[in-house]
Amino acid sequence: MRESHPKYTRILNRALRSPAWLGYGVAMAKLSAIDKAFDLARSGMYRSVSEIIRRLPEDDQAIVEAHLAQPAARRELILICSDAWLSAN
């Protein structure tokens, strides 16, 4: 295996510590938490948004709650959840 040049290693390490890259990681964590909530809603196992939120890990609960502060996002999750619940039962 070829070793990387020290100059490129320093550049890469600096880039990975940059605020832009760290913001990307936070955005991906939020997206992942929101995706988990919508996946749970589509499963048909949960009747309400509050049940879905309780099922998520604590770190994800706050992220999803913040996202669901937008009425359109909460409405979408409610509709998906109720449709899946009615289809499953």
Main chain of L56, side chain of Q61: is a donor-acceptor contact present, judged purely on distance under 3.5 Å? yes
Mind listing the closest non-hydrogen atom pair of G44 and W85 along with its distance? O-CE3, 3.4 Å
Quick one: salt bridge (Lys or Arg N to Asp or Glu O under 4.0 Å) partners of R42, sequence neighbours excluded? D39
So CD1 of I53 and CG of L77: to nearest 0.5 Å the spacing works out to 7.5 Å
Is there side-chain contact between E76 and F38, with heavy atoms separated by less than 4.5 Å? yes
Where A84 and A41 come nearest, the two heavy atoms and their spacing: CB-O, 3.2 Å
To the nearest 0.5 Å, atom CG of L40 lies from atom CZ of R55 at 6.0 Å
Does S50 have any side chain to side chain donor-acceptor pair (under 3.5 Å) partners at least two apart in sequence or in another chain, and if so, which? S48
Nearest 0.5 Å please: distance from the OG atom of S82 over to the CD1 atom of I78. 8.0 Å
When rounded to the nearest 0.5 angstrom, what is the spacing between CD1 in I52 and CE in M45? 10.5 Å
Please enumerate all residues that pass salt bridge (Lys or Arg N to Asp or Glu O under 4.0 Å) together with E65, with sequence neighbours excluded. R74
